Engineer: 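First, the structure itself, so that you have it in front of you.
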2 protein chains.
Amino acid sequence: MTVREIKEKLKNADLKITPQRLAILEAIYKLNNHPTADNIIDYIKETHPSVAVGTVYKVLDALVENHLIKKVKTENNVTHYDGIIYNHHHLYCSESDRIEDYMDEELDELLEKYFSNKGIKNFNIEEIKLQINGRFKKRGGIKK
Amino acid sequence: MTVREIKEKLKNADLKITPQRLAILEAIYKLNNHPTADNIIDYIKETHPSVAVGTVYKVLDALVENHLIKKVKTENNVTHYDGIIYNHHHLYCSESDRIEDYMDEELDELLEKYFSNKGIKNFNIEEIKLQINGRFKKRGGIKK
DNA sequence: GTATGTGCAAACTTTTTGCACTTCG
DNA sequence: CGAAGTGCAAAAAGTTTGCACATAC
């Protein structure tokens, strides 16, 4: 994701292009493992030491509202953010509090087929997201 | 859910039976729509006015850890608790901010079959939860 | 120029913690 | 009796808010 592309996204969303917004979006794309507001603040403090915490939250809210990023909820009550906006699923390990993306077109097709037959009464389905809870195996884990 | 059954559950989990724990579990079963810690505190304040906030959180943690209840994540960052511990899914409508339970054994079997064949590399699956986003149809909706 | 965005600090909400005291088994 | 649980109050953690100032367009 280039700076040019990020600017384009902001423009398309009718959001003014500011250094803070660029830095925050860049941080989200670089830290592509569902950073929290805190992770983002730490990251941009190095290049933009004077960015205020309140601003980061305001910018994140604006980005979410304009569909440039998404909020991701986990079992503990800290909001994570996700720069990938097309539909995908999440693997979540509560032991390490780690979230990874999981994409599976075959699964999506299976689910679509299942629900287009069956439906849910009194409900119009727009999007189906799986949260797959479990444990990452050692080999893919974070070294201590 | 009778008091007797609740006591049995606590016993099976090797948790001591205390008035606070009984009150909190009863509250969760009565307030069966995903109460928050705050909802639970309000509820039990009437019968047990001296229960401390810290105790409620400690009890809830112990119950979650011992699988007597579950945490539920929602859009705002407040933890909700759920007395239904067998696996179930959630229907969520962002327009009305309403969450409803969705249970579907056929679906669970389908998913189990799918993932037991396919697996996910470097990940041990413990639980699969769907969040189905969409809109409740008028007939089942909340009147404005 | 003006609407929009930012910095700052204070406050708010939810949750956690430590320790003395109490209770369950 | 001893281990486990509770009450309390203080404080951590995460997030929101209001307002004066600054900036993008």
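It should be emphasised that the depicted structure is a prediction, and the values quoted were computed from it without experimental measurement. Here is how names work: the chains are called A, B, and so on, in the same order as the sequence lines, proteins then strands, and each is numbered from 1.
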Engineer: From the options C:dT15, D:dG7, C:dA3, select the nucleotide whose nearest atom is closest to the side chain of B:Val51.
Structural biologist: D:dG7

Engineer: For B:Ile17 and D:dT6, give me the distance from atom CD1 to atom C1', rounded to whole Å.
Structural biologist: 17 Å

Engineer: When you measure from the side chain of B:Val59, which nucleotide among D:dT6, D:dG14, C:dT14 comes out closest?
Structural biologist: D:dT6

Engineer: Any ion pair linking A:Lys9 and A:Glu26 (charged N to carboxylate O, less than 4.0 Å)?
Structural biologist: no

Engineer: Just how far, in rounded Å, is P of C:dT13 from CG of B:Asn39?
Structural biologist: 15 Å

Engineer: Where each residue is assigned the nucleotide of DNA chain C containing its nearest heavy atom, which of A:Asp14 and B:Ala37 is assigned the position nearer the 5′ end?
Structural biologist: A:Asp14

Engineer: Between B:Glu127 and B:Lys70, does any NZ, NE, NH1 or NH2 come within less than 4.0 Å of an OD or OE carboxylate oxygen?
Structural biologist: yes

Engineer: Look at the side chain of B:Val53 and decide which nucleotide, out of D:dG5, C:dT15, D:dC25, has an atom nearest to it.
Structural biologist: C:dT15

Engineer: Return the value, rounded to whole Å, for the distance between atom NE2 of A:His48 and atom P of C:dG5.
Structural biologist: 17 Å

Engineer: Closer than 3.5 angstrom, by distance alone: can the side chain of A:Asn39 be matched with the main-chain N or O of A:Thr36 as a donor-acceptor pair?
Structural biologist: yes

Engineer: Of all heavy-atom pairs between B:Tyr29 and B:Gly83, which one has the smallest distance, and what is that distance?
Structural biologist: CE2-O, 3.7 Å

Engineer: Do B:Lys7 and C:dG25 share a donor-acceptor pair, side chain to base, under 3.5 Å?
Structural biologist: no

Engineer: Report yes if at least one side-chain N or O of B:Tyr57 is closer than 4.0 Å to OP1 or OP2 of C:dT16; otherwise report no.
Structural biologist: no

Engineer: If I take atom CG in residue B:Leu60 and atom P in nucleotide D:dG5, what distance separates them, rounded to the nearest angstrom?
Structural biologist: 14 Å

Engineer: Starting at CG of A:Asp61 and ending at P of C:dG5, how long is that distance when rounded to a whole Å?
Structural biologist: 12 Å

Engineer: OP1, OP2 of D:dT15 versus side-chain N and O of A:Thr79: anything below 4.0 Å?
Structural biologist: yes

Engineer: Does B:Arg135 count as lying over the ring of A:Phe123, i.e. NZ or CZ under 6.0 Å from the six-ring centre, within 45 degrees of the axis?
Structural biologist: no

Engineer: Think A:Gln20 has a side-chain N or O under 4.0 angstrom from the OP1 or OP2 of D:dT23?
Structural biologist: no

Engineer: Counting the atoms with a prime plus P, OP1 and OP2 as sugar-phosphate, which does B:Ser50 contact under 4.0 Å by heavy atoms, base, sugar-phosphate, or nothing?
Structural biologist: sugar-phosphate

Engineer: So, does the side chain of B:Lys11 form a donor-acceptor pair with the base of C:dG25 at under 3.5 Å?
Structural biologist: no

Engineer: Would you kindly give the CG-to-P distance between B:Leu10 and D:dT6, to the nearest whole Å?
Structural biologist: 10 Å

Engineer: Among D:dT6, D:dT17, C:dG5, which nucleotide has an atom closest to any side-chain atom of A:Lys58?
Structural biologist: D:dT17

Engineer: Mind checking whether A:Met103 and A:Leu130 sit in one hydrophobic cluster, side chains of I, L, V, M, F, W, Y counted as touching below 4.5 Å?
Structural biologist: no

Engineer: Please report the distance, rounded to the nearest Å, between CG in B:Leu22 and P in D:dT6.
Structural biologist: 10 Å

Engineer: Report the residue (B:Thr18 or A:Thr55) whose heavy-atom-nearest nucleotide on DNA chain C is the more 5′ of the two.
Structural biologist: A:Thr55

Engineer: Between atom CG in A:Leu63 and atom C1' in C:dT4, what is the gap in whole Å?
Structural biologist: 14 Å

Engineer: DNA chain D: A:Asp38 or B:Arg21, which has the more 5' nearest nucleotide?
Structural biologist: B:Arg21

